Amino acid sequence: MTIKICVSVPPRTVSEALDLIQKAESQRADFIEVRLDGLNKHNQLVDIANCSNTPLIATNRSTKCQGKFSGSEAQRKKILLEAAEKGFDYVDVELSTPKLKGIINNLCEIGVKPVISFHDFDETPSTSQLNGILKRQIERGADVCKIVTTAKLVEDNLTVLNFVSKVCKTARIVCFSMGELGKPSRLLSPVFGGFFTIAALEDERKTAPGQLTIQEMRMTYKALGLI
């Protein structure tokens with residue numbers, strides 16, 4: 001069993017991005033997601049892309065998806081494509097993005113692996129709905145299919161973990177539930193076959209509700225005898 005952890009970092013400046021990436025590397029992150037939506041400027045993406053040997057994921061979440069990017073959709077896409085051109089390994093694009101197939105084709109032409117993401121900030125869909133979301137992601141060319149739900153009940157963890165265990169054999173899947181009640185699925189998703197789970201670098205830098213730090217995750221995996 002290989003448990004992989006992606007650390008999500010929310011920098012405001014390029015210098016802060018370089019510092020946070022270095023700290024994530026020191027914590028042995030397997031992937032690092034750089035939240036570009038919090039950056040005050042996007043004219044030095046090459047400096048970020050070239051600072052690490054750890055695979056970097058560029059994410060530019062709009063305010064509609066509870067991110068911080070308030071510009072136009074055209075501007076948001078342009079930043080993601082620039083991140084790809086400057087050397088990021090993966091680019092996260094929401095399943096709801098207009099003309100999604102076009103931007104995915106562009107990313108593949110550049111040689112970047114597309115992560116197609118879906119977030120449900122209200123609940124955890126049924127297994128049949130999750131399968132439908134996954135099918136759409138695969139059809140649109142996802143290298144990694146990311147499905148993040150919200151746990152309203154403890155049992156919602158079972159829904160996503162059972163889903164991950166079934167589909168991980170046919171798709172590179174990242175799937176867990178947000179919120180305090182979703183913490184078990186965040187921890188156990190890679191145990192059930194998820195490509196990676198997502199953690200925060202520090203408590204004060206969490207990018208989603210219910211997120212654990214990479215230190216907390218590693219301690220728990222060790223206590224459970226999983227690493």
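All residue numbers refer to positions in the sequence shown, counting from 1. Values in this document were obtained by computation on a predicted structure and should not be read as measured data.
Heavy atoms of other residues, nucleotides or ligands lying less than 6.0 angstrom from NZ of K78 number 12 at most. Enclosure of atom CD in Q22 is not indicated, since only 12 or fewer non-hydrogen atoms of other residues, nucleotides or ligands lie within 6.0 angstrom.
Within the 3.5 Å criterion, the main-chain N or O of S62 finds no donor-acceptor partner in the side chain of D37. Between the side chain of S177 and the main chain of N157, no donor-acceptor pair closer than 3.5 Å is present. Not one N or O on the side chain of N105 forms a donor-acceptor pair closer than 3.5 Å with the backbone of G102. Remark: side-chain polar atoms of K206 are paired, donor with acceptor, to backbone N or O of Q211 under 3.5 angstrom. In terms of modelled atom types and a separation under 3.5 Å, the side chain of S52 and the main chain of T54 share a donor-acceptor contact. Side-chain N or O atoms of H119 include none that pairs as donor or acceptor with a backbone N or O of C65 at under 3.5 Å. Checking side-chain atoms of S72 against main-chain N and O of Q75 turns up a donor-acceptor pair under 3.5 Å. Side-chain atoms of R205 do not come within 3.5 Å of backbone N or O of L20 as any donor-acceptor pair. In terms of modelled atom types and a separation under 3.5 Å, the side chain of Y221 and the main chain of L187 share a donor-acceptor contact.
In summary, E94 and R76 engage in a salt bridge, as defined by a charged side-chain N under 4.0 Å from a carboxylate O. Residues D143 and R172 are paired through a salt bridge, judged by an N-O separation under 4.0 Å between the basic side chain and the carboxylate.
You'll find the side chain of L188 stays beyond 4.5 Å of the side chain of V164, heavy atoms only.
Between C51 atom SG and I32 atom CD1 the span is 7.5 Å, to the nearest 0.5 Å.
Considering every non-hydrogen atom in both A199 and M217, the closest pair reads CB-SD, 3.8 Å. Annotation for I48 and A17: closest pair CD1-CB, 3.9 Å, computed over non-hydrogen atoms.
The salt bridge (charged side-chain N to carboxylate O under 4.0 Å, His left out) search around D30 returns none, not counting sequence neighbours.
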